[in-house]
Structure formats: structure tokens, C-alpha cells
Amino acid sequence: MTDSTGIDPEDSKIITLARSVRARNAVPEGAAVRDETGRTYVAGTVELDSLKLSALQTAVAMAVASGARSLEAAAVVSTAEAPAEADRAAVRDLGGPQTPVLLAGPDGTLKSTTPAGP
């Protein structure tokens with residue numbers, strides 16, 4: 001089922017979560033992933049002197065660290081025009097090549113949905 005914007009409500013939820021973490025933490029990107037049980041993991045960009053992870057890489061790492069075995073979907077909120085290949089690879093590693101990666105702008109508008117696979 002989709003809402004009035006044509007987006008599945010569960011996908012809309014992870015976009016909203018990603019947008020919220022981006023704004024709350026004042027980071028360049030926010031991301032959220034949904035695992036095979038429906039649990040969500042939310043993260044922002046990590047930029048330390050010794051560690052740099054995109055928001056989506058961080059969200060995938062949080063899912064793995066919490067015991068997720070697969071992903072149903074991933075969302076990133078960014079000004080980028082396309083999800084980075086490293087982000088798609090992280091999603092693909094846990095969720096497989098068909099896992100959808102949703103890219104939304106800072107206002108939450110969906111820009112694209114692409115599979116994690118090549």
C-alpha cells in the first residue's frame with residue numbers, strides 16, 4: 001500500500017527518521033535502514049579525525065551490531081544526486097542486490113529509488 005505521495009508508509013517512515021537525524025545532529029546526511037524484522041536503525045554522518053563513515057554506512061553498521069540478518073530497505077537524506085556506491089555496497093552486503101535504496105532531499109521529497117546491486 002502507498003500513501004498519497006506514492007511511497008509505501010514504511011518507506012516514508014525511514015525517510016522521516018533519516019531527515020530527523022540529519023536536522024537534529026546538523027550533519028550533511030541522515031540515514032535509516034529497516035531490517036528483516038521491521039526494526040529501524042538511524043544514523044548521521046560520522047566525521048572524526050580517525051573515522052569517516054557516511055550516514056548510510058553508519059546505519060548499516062548499527063543494524064549489524066544489533067544482530068540484523070538482512071535489510072528490507074534503506075533511506076538516505078542528502079543533497080547528493082545519487083546514492084554513493086560505497087553506500088549501496090554496504091546495503092548490498094547486508095540486504096542483497098535487490099534491497100531498495102531511497103534517496104530523498106533535505107525536505108524529505110523522494111528523488112530516487114535504486115536497488116543496492118550493481
Side-chain angles (χ1 to χ4, degrees):
M1 178 175 255
T2 58
D3 64 15
S4 62
T5 64
I7 301 171
D8 177 276
E10 291 300 312
D11 291 344
S12 183
K13 176 183 171 183
I14 61 174
I15 290 171
T16 298
L17 291 169
R19 186 173 178 225
S20 295
V21 75
R22 180 181 183 268
R24 181 177 58 247
N25 295 347
V27 291
E29 293 183 338
V33 298
R34 185 176 61 249
D35 75 8
E36 76 282 1
T37 69
R39 290 180 299 180
T40 55
Y41 306 89
V42 182
T45 308
V46 173
E47 292 216 18
L48 302 172
D49 290 340
S50 62
L51 179 65
K52 297 194 185 318
L53 294 172
S54 72
L56 197 46
Q57 290 169 330
T58 306
V60 170
M62 291 175 64
V64 170
S66 297
R69 296 177 185 255
S70 185
L71 294 178
E72 290 182 350
V76 62
V77 172
S78 173
T79 58
E81 293 303 314
E85 176 51 35
D87 287 349
R88 290 178 53 232
V91 171
R92 184 171 57 243
D93 285 349
L94 185 57
Q98 296 306 313
T99 306
V101 178
L102 297 91
L103 174 66
D107 65 354
T109 301
L110 183 64
K111 294 182 188 182
S112 66
T113 301
T114 56

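- The shortest distance between side-chain heavy atoms of Thr45 and Leu53 does not fall below 4.5 Å.
- Pro106 places a side-chain heavy atom less than 4.5 Å from the side chain of Thr79.
- The pair Arg34-Asp11 meets the salt-bridge criterion, since a charged nitrogen lies less than 4.0 angstrom from a carboxylate oxygen.
- Heavy-atom minimum distance, Gly105 versus Val77: O-CG1, 3.4 Å.
- Side chain of Thr58 to main chain of Ser54: a donor-acceptor pair is present (N/O by atom type, distance under 3.5 Å, no hydrogens or angles).
- For the pair Pro83 and Ser112, the tightest heavy-atom approach, listed with the atom from each and the gap, is CD-OG, 4.4 Å.
- Proximity of Pro118 to Glu85: side-chain heavy atoms (C-beta onward) are nowhere separated by under 4.5 Å.
- Two residues are said to be in side-chain contact when any heavy atoms from C-beta on lie closer than 4.5 Å; Val101 and Thr113 fail this criterion.
- Residue Ala59 comes nearest to Ala43 through the heavy atom pair N-CB, 3.6 Å, listed as atom of the first residue, atom of the second, then distance.
- Here the closest heavy-atom approach between residue Leu56 and residue Ala75 is recorded as CD1-O, 4.0 Å.
- Taken from NZ in Lys52 to CG in Asp49, the straight-line distance is 6.5 Å, to the nearest 0.5 Å.
- Here the side chains of Arg24 and Val21 are in contact, with some heavy-atom distance below 4.5 Å.
- Using a 4.5 Å cut-off between side-chain heavy atoms of Ile, Leu, Val, Met, Phe, Trp and Tyr, with links allowed through other members, Val91 and Val64 fall into the same hydrophobic cluster.
- Atoms OG1 and CG, on Thr40 and Asp35 in that order, are 8.5 Å from each other to the nearest 0.5 Å.
- The 12-atom threshold is exceeded at NZ of Lys111, counting heavy atoms of other residues, nucleotides or ligands nearer than 6.0 Å.
- With sequence neighbours excluded, the residues forming a side chain to side chain donor-acceptor pair (under 3.5 Å) with Thr109 are Asp107, listed by chain and number.
- Proximity of a side-chain donor or acceptor of Asn25 to a complementary backbone N or O of Val27 within less than 3.5 Å is not detected.
- Connection of Val42 to Met62 is not established within any shared hydrophobic cluster, with ILVMFWY side chains joined at heavy-atom distances below 4.5 Å, either directly or through further cluster members.
- Placement of Leu71 and Ile14 in two distinct hydrophobic clusters is found when ILVMFWY residues are connected by side-chain heavy-atom separations under 4.5 Å, directly or transitively.
- In plain terms, the two heavy atoms of Ile15 and Gly108 that are nearest each other are CG2-O, 3.7 Å.
- Taking the side chain as every heavy atom from C-beta outward, Arg92 and Thr99 never approach each other to under 4.5 Å.
- Contact check on Glu36 versus Arg69 returns no salt bridge, with no Lys/Arg side-chain nitrogen under 4.0 Å from an Asp/Glu carboxylate oxygen.
- Side-chain polar atoms of Glu29 and Ser78 form a donor-acceptor pair below 3.5 angstrom.
- Minimum interatomic distance between Leu103 and Leu110 (heavy atoms only, all atoms of both residues): O-CD1, 3.5 Å.
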